[in-house]
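Structure first, then comments.
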Amino acid sequence: MKIAVVRTPGSNCDQDAFFALQDSLGVEARYVWHEETSLQGFDGILIPGGFTYGDYLRGGAIAARAPVIDEVRRFAADGRPVLGICNGFQILTEAGILPGALVRNAERRFLCMNAHIKAVDCKSPWTRDCDGVLSIPIAHNEGRYIADDEDVRRLEGEGLVAFVYCDASGGPAEAPNGSTHSIAGILNSGRNVLGMMPHPERASSPILGGDDGLRILRGFSAANLV
């Protein structure tokens, strides 16, 4: 299995993602520049966090127009695994691959902390190994997920909310960034695309303080590849 780690000007979590995939998960990872127009030979895509193009206009707005995004759309349509983390999640929503938007945190300040999240169900490749509470770092300024009422009802009704923020025991908790219904991550209708604000690549080894993030990253290996 070979995973493309997309690099765009302003990405700053690409190396974290690369080493989490290759050293901790044990899959082959390769950096791919955002101007690439073909990802032939890759089995999945990871769009890492950062501040692409300085988050001008909105987080991910410019990067969502990069040539490589056409390949992301193709992978998504083909049922191949795509993971967008933090700024990567913003890019997926800005590109229309996932619904909704990521806007300024409710208290309008940057958040950098560990957060507790839990999977809403375990039916996707990304969540099937995620029973119980996970401790995953967050680091964002525009991480508050919003969507119109119809999209929220559809996401919740179709089981497409992947993760929600919770307390340490798994009980309900208000999202630290004010996200609608405490949403921390969502899936596309095929459940092969995951966008999430918390950083699983930063919780991929005990030396980093925990490896709960590996339970999410294993979705690359669990996905049914075509």
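This chain uses plain numbering: 1 for the first residue, then up along the sequence. Computed from a predicted model, the values in this text were never measured in an experiment.
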Is Ile138 reachable from Leu214 through a run of hydrophobic residues whose side-chain heavy atoms are each under 4.5 Å from the next? yes
Exceeds 12 heavy-atom contacts within 6.0 angstrom, atom CD of Glu28: yes
Taking the side chain as everything from C-beta on, heavy atoms only, tell me whether Arg73 gets closer than 4.5 Å to Ile97. yes
Look at the side chain of Gln22 and the backbone N and O of Ala29, then say whether any donor-acceptor pair between them is shorter than 3.5 Å. yes
Are the charged groups of Arg74 and Asp78 less than 4.0 angstrom apart, N to O? yes
Testing Ile183, Asp121, Val152 one by one against Val161 for a side-chain contact (heavy atoms from CB on, under 4.5 Å), which residue passes? Ile183
Apply the side-chain hydrogen bond (donor to acceptor under 3.5 Å, both in side chains) test between Asn177 and each candidate in His140, Arg144, Glu142; give the one that qualifies. His140
Rounded to the nearest 0.5 Å, what separation is found between the OG1 atom of Thr52 and the CD1 atom of Ile91? 4.0 Å
Are the side chains of Glu71 and Gln40 in touch, meaning some heavy atoms are under 4.5 Å apart? no
Are the side chain of Ser182 and the backbone N or O of Ala173 linked by a donor-acceptor pair below 3.5 Å? yes
4.5 Å side-chain heavy-atom contact, Pro176 and Tyr165: yes
Could you state the interatomic distance from CZ (Arg215) to CG (Leu217), rounded to the nearest 0.5 Å? 12.0 Å
Checking side-chain polar atoms at under 3.5 Å, does Ser124 have a donor or acceptor matched by the opposite partner on Thr127? yes
Of the non-hydrogen atoms in Ala106 and Gly178, which two are nearest, and what is the gap between them? CB-CA, 4.0 Å
Arg109 side chain reached by Arg104 side chain, heavy atoms, under 4.5 Å: no
Apply the test side-chain contact (heavy atoms from CB on, under 4.5 Å) to residues Tyr145 and Leu155: give CA-CA distance (whole Å), side-chain angles for both, the deciding distance (0.1 Å), then the verdict. CA-CA 13 Å; Tyr145 180 77; Leu155 288 169; 3.4 Å; yes
Thr8 backbone acceptor or donor facing Ser11 side chain under 3.5 Å: yes
Leu208 to Glu201 - nearest heavy-atom pair and separation: CD1-O, 4.0 Å
Set out, in order, the CA-CA distance, both residues' side-chain angles and the distance that settles side-chain contact (heavy atoms from CB on, under 4.5 Å) for Asp167 and His116, then state yes or no. CA-CA 6 Å; Asp167 64 22; His116 294 108; 5.9 Å; no
Aromatic contact, Phe220 with Trp126 (centres under 6.0 Å): yes
So if you build clusters from Ile, Leu, Val, Met, Phe, Trp, Tyr with side-chain heavy-atom gaps below 4.5 Å, do Ile69 and Tyr31 land together? yes
In Leu102, Val193, Asn188, the residue satisfying side-chain contact (heavy atoms from CB on, under 4.5 Å) with Leu92 is Val193
side-chain contact (heavy atoms from CB on, under 4.5 Å) between Leu39 and Ile45, intermediate numbers included: CA-CA 9 Å; Leu39 294 182; Ile45 301 172; 3.5 Å; yes
Dump the intermediate steps for side-chain contact (heavy atoms from CB on, under 4.5 Å) on Ser169 and Val133, then the final yes or no. CA-CA 7 Å; Ser169 64; Val133 177; over 6 Å; no
Do Val72 and Phe18 share a hydrophobic cluster (ILVMFWY, side-chain heavy atoms under 4.5 Å, transitive)? yes
Is there a donor-acceptor contact under 3.5 Å from the side chain of Asp148 to the main chain of Glu150? yes
With side chains defined as the heavy atoms from C-beta onward, is the minimum distance between Lys118 and Leu134 less than 4.5 Å? no
Contact check, side chains of Pro99 and Ile186, non-hydrogen atoms, under 4.5 Å: yes
Would you please say whether a donor-acceptor pair under 3.5 Å links the side chains of Ser204 and Asp211? no
Give a yes or no on this: more than 12 heavy atoms of other residues, nucleotides or ligands lie within 6.0 Å of atom NZ of Lys123. no
Over 12 non-hydrogen atoms of neighbours within 6.0 angstrom of CZ in Phe110: yes
Pro137 versus Arg202, closest heavy-atom pair with distance: CG-CB, 3.9 Å
Over all atoms of both residues, closest heavy-atom pair of Ala162 and Leu187: CB-CG, 3.8 Å
Mark yes or no for whether Arg65, through its side chain, and Ala61, through its backbone, hold a donor-acceptor pair below 3.5 Å. yes
Point-to-point distance, once rounded to the nearest 0.5 Å, from CG of Asn87 to CG of Asn12: 8.5 Å
Does some side-chain heavy atom of Asp16 sit less than 4.5 Å from a side-chain heavy atom of Pro48? no
Test log, rule salt bridge (Lys or Arg N to Asp or Glu O under 4.0 Å), inputs Arg7 and Asp14: CA-CA 7 Å; Arg7 279 180 149 172; Asp14 40 1; 2.7 Å; yes
If I take atom CG from residue Asp43 and atom NZ from residue Lys2, how far apart are they, to the nearest 0.5 angstrom? 8.0 Å
In this structure, CD1 of Ile62 is separated from NE2 of His34 (nearest 0.5 Å) by 11.0 Å
Heavy-atom pair with the smallest gap, counting every atom of Ile85 and Pro198: CG2-O, 3.5 Å
Quick one: are Arg218 and Leu25 in side-chain contact, heavy atoms under 4.5 Å? yes
For the side chain of Asp212 and the backbone of Pro200, is there at least one donor-acceptor N/O pair under 3.5 Å apart? no
Taking all heavy atoms of Ile3 and all of Phe42, pick out the closest pair and write down the distance. C-CD2, 3.6 Å
Is there a path of hydrophobic side-chain contacts, each under 4.5 Å between heavy atoms of I, L, V, M, F, W or Y residues, that connects Val103 with Phe89? no
Under a single-linkage definition using a 4.5 Å side-chain heavy-atom cutoff for Ile, Leu, Val, Met, Phe, Trp and Tyr, are Met1 and Val5 assigned to the same hydrophobic cluster? yes
